[in-house]
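Side chains included, hydrogens not; waters and symmetry mates left out as well; all remaining heavy atoms used. Worth saying up front: this structure is predicted, and the values here are computed from it rather than measured.
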Amino acid sequence: MRRFFVEDIKPHDHTFAITGSEARHISKVLRLGQGDRIVLMDRKGARFQAVIASAGEKEVSVILEKALRRPPASPVKITLCQALLKSKGMDYVVQKASELGADSILPFSSDRTVVGPGKGEGANKLRHWQEIARNAAKQANRARPAEVGPIYTFGDLLARWKNEAGLKIILWEGEETRDLKTFLRSSRPEQRVVAAIGPEGGFSPQEVKTAWEAGFASASLGFRVLRSETAAVAFVAIIQYEWGDLSRKA
C-alpha cells in the first residue's frame with residue numbers, strides 16, 4: 001500500500017481528512033479513489049491503514065481501519081551537518097541521508113561555501129528540503145522523516161554542539177593519521193553521532209582547528225577525496241552499517 005505523511009493522527013479518530021500536496025498526489029497523480037487502501041504516517045511515528053471514502057484535489061477523506069506497527073528506530077541518532085551546496089547536490093544529500101535514516105540534517109555556511117540562501121530565501125529552501133525528506137522517508141519506510149534545518153553559520157553550529165554528548169566528527173581530507181573506519185572500530189558505539197561535512201572546497205585549516213576546540217575529532221575517508229555530497233551519504237551509510245539499523249534486527 002502507498003504511504004503518505006499527514007499531521008498528527010489521534011488514535012480515537014475514525015475518519016481523517018488529507019489536504020495539501022498529499023491530497024493532490026493521491027487524487028491527481030496516483031488517481032486513487034473510493035475503496036483504495038493506503039497507509040497514513042504522522043510526525044510522531046504513528047501509522048494507520050485507511051480506506052479512501054472520497055477523493056478530491058483539495059481533500060481526500062479516509063476511514064481509519066487499524067493501527068499498524070511502526071518500524072523500529074535506529075539505535076544511533078545521526079545528525080548530519082552539511083555545508084550548503086549547489087541545489088542539486090544539496091537535494092541529493094537530503095534525499096539520501098533521509099532514506100538512510102539520518103535523524104536530522106543541519107545546513108550551514110562556511111568559509112568556502114560558494115552558495116547560500118539569498119535574502120528571504122532561507123525559509124523557502126528549508127520547506128523544499130523538508131518536502132524531499134518526507135518523500136524519502138516514505139520511500140524508505142521510515143517511522144518519521146529527518147528533521148531539516150535551521151541554517152547555521154559554521155561558528156554557530158560548533159557552539160550548538162560544543163557541550164553536547166556523543167561522538168562528534170569533522171570529515172577532513174587533510175587528516176593523515178585517523179581514518180573513519182579505524183576510528184569507529186576503536187570507539188564504543190554511541191547513541192548520538194554528529195558529523196560535519198564541508199563544502200565543495202573543503203574546510204579551511206582555521207575551521208578545522210575551531211572544530212577541534214569544540215570537541216570534534218577529525219577523520220578522513222582514506223586516500224580518496226570525495227565530492228561533498230558523496231562523502232555525506234557515505235558517512236551516514238557507514239555509521240548505520242557499523243552502529244545502526246542496516247540489518248533485520250529489531
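- Gln82 has its side chain out of reach of Pro107: every pair of non-hydrogen atoms, C-beta onward, lies at least 4.5 Å apart.
- With hydrogens and angles left out, the side-chain atoms of Ser218 and Trp212 include a donor and acceptor closer than 3.5 Å.
- Side-chain contact check for Arg192 and Thr79: at least one donor-acceptor pair (N or O, by modelled atom type) lies under 3.5 Å.
- By the 4.5 Å heavy-atom criterion applied to side chains, Leu221 and Asp179 are not counted as neighbours.
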*Please walk me through it: do Leu64 and His14 pass side-chain contact (heavy atoms from CB on, under 4.5 Å)?*
CA-CA 5 Å; Leu64 302 178; His14 298 293; 5.9 Å; no
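- Under the ring pair (Phe, Tyr, Trp, His ring centres under 6.0 Å) test applied with Phe203, the options Trp172, Phe154, Phe216 reduce to a single match, Phe154.
- Distance CZ/Phe4 to OG/Ser21: 10.5 Å, rounded to 0.5 Å.
- Between Asp111 and Ser204, the shortest heavy-atom distance links the atoms OD2-OG, 3.1 Å.
- Of all heavy-atom pairs spanning Arg142 and Pro71, the tightest one is C-CG, 4.0 Å.
- Two residues are said to be in side-chain contact when any heavy atoms from C-beta on lie closer than 4.5 Å; Leu32 and Val60 fail this criterion.
- By the 4.5 Å heavy-atom criterion applied to side chains, Tyr92 and Leu85 are not counted as neighbours.
- More than 12 heavy atoms of other residues, nucleotides or ligands sit less than 6.0 Å from atom CD of Gln206.
- Side chains of Glu175 and Thr177: a donor-acceptor N/O pair is present below 3.5 angstrom, by distance only.
- Atoms CD and OG1, on Glu207 and Thr210 in that order, are 7.5 Å from each other to the nearest 0.5 Å.
- For CD of Gln191, the number of neighbouring non-hydrogen atoms (other residues, nucleotides, ligands) closer than 6.0 Å is 12 at most.
- Between Arg144 and the choices Asp103, Asp42, Asp8, the salt bridge (charged side-chain N to carboxylate O under 4.0 Å, His left out) rule is met once, by Asp103.
- Distance check, rounded to the nearest 0.5 Å: OG of Ser54 to CD of Gln34 gives 7.5 Å.
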*Run the side-chain contact (heavy atoms from CB on, under 4.5 Å) check on Phe108 and Ile151 step by step: do they pass?*
CA-CA 5 Å; Phe108 67 89; Ile151 300 174; 5.8 Å; no
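- Across all their heavy atoms, Lys162 and Glu213 have their closest contact at CE-O, 3.9 Å.
- With respect to the salt-bridge test (charged N to carboxylate O, under 4.0 angstrom), the residues Lys138 and Glu22 qualify.
- The aromatic ring centres of Phe48 and Phe16 sit 6.0 Å or more apart.
- Taking 4.5 Å as the limit, some side-chain heavy atom of Pro75 sits within range of a side-chain heavy atom of Asp245.
- Of all non-hydrogen atoms in Ala55 and Ser27, the two that sit nearest each other are CB-CB, 4.3 Å.
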_side-chain contact (heavy atoms from CB on, under 4.5 Å) between Thr15 and Val62, intermediate numbers included_ = CA-CA 6 Å; Thr15 62; Val62 303; over 6 Å; no
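- Grouping the Ile, Leu, Val, Met, Phe, Trp and Tyr side chains by contacts below 4.5 angstrom, directly or via other members, places Ile170 with Leu158.
- The shortest distance between side-chain heavy atoms of Val6 and Thr19 does not fall below 4.5 Å.
- Met1 belongs to a hydrophobic cluster whose other members, connected by ILVMFWY side-chain contacts under 4.5 Å either directly or through intermediates, are Phe5, Val39, Met41, Leu68.
- Put simply, the side chain of Asn124 reaches to within 4.5 Å of the side chain of Arg127, judged on heavy atoms.
- Looking at Glu147, its side chain never comes within 3.5 Å of a backbone N or O of Ser104 through a donor-acceptor pair.
- Side-chain contact annotation: Gln240 with Ser74, donor-acceptor N/O pair under 3.5 Å present.
- Within the 3.5 Å criterion, the main-chain N or O of Trp161 finds a donor-acceptor partner in the side chain of Lys168.
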*Is there a salt bridge (Lys or Arg N to Asp or Glu O under 4.0 Å) between Lys77 and Glu190 once you walk through the steps?*
CA-CA 9 Å; Lys77 291 186 180 296; Glu190 295 275 2; over 6 Å; no
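- Arg70 and Asn141 are not linked by any side-chain donor-acceptor pair at a separation below 3.5 angstrom, with hydrogens and angles left out of the test.
- In this structure, Leu180 and Ile238 have side chains that are in contact, with non-hydrogen atoms separated by less than 4.5 Å.
- Among all heavy-atom pairs drawn from Ala146 and Ser98, the shortest one is N-OG, 3.6 Å.
- The hydrophobic clustering, which links ILVMFWY residues whose side-chain heavy atoms are closer than 4.5 Å, places Ile169 and Val225 apart.
- Residue Ser187 holds its OG atom at 6.0 Å from CG of Leu167, rounded to the nearest 0.5 Å.
- Hydrophobic cluster membership differs between Val115 and Leu157, with clusters built from Ile, Leu, Val, Met, Phe, Trp and Tyr side chains linked at under 4.5 angstrom.
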*Audit row: Arg2, Leu30, side-chain contact (heavy atoms from CB on, under 4.5 Å) steps and yes/no*: CA-CA 10 Å; Arg2 294 277 189 163; Leu30 299 176; 3.6 Å; yes
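- Nearest heavy-atom pair, Ile105 versus Ala97, reported as atom, atom and distance to 0.1 Å: CD1-CB, 4.0 Å.
- For the atom pair Lys96 NZ and Ile132 CD1, the distance stands at 11.0 Å (nearest 0.5 Å).
- Between the side chain of Asp36 and the main chain of Gly33, a donor-acceptor pair closer than 3.5 Å is present.
- Using modelled atom types, no side-chain atom of Arg37 and backbone atom of Ala50 make a donor-acceptor pair closer than 3.5 Å.
- Side-chain polar atoms of Ser109 and Thr153 form no donor-acceptor pair below 3.5 angstrom.
- Taking CD of Glu7 as the reference point, atom CG of Leu40 lies at 12.0 Å (rounded to 0.5 Å).
- By the rule that hydrophobic residues join a cluster once side-chain heavy atoms approach within less than 4.5 Å of another member, Val233 and Ile197 end up as members of one cluster.
- Transitive grouping of hydrophobic side chains (ILVMFWY, heavy atoms separated by less than 4.5 Å) brings Phe235 and Val148 into a common cluster.
- Checking Thr113 against Glu200 by side-chain atom types alone, no donor-acceptor pair falls below 3.5 Å.
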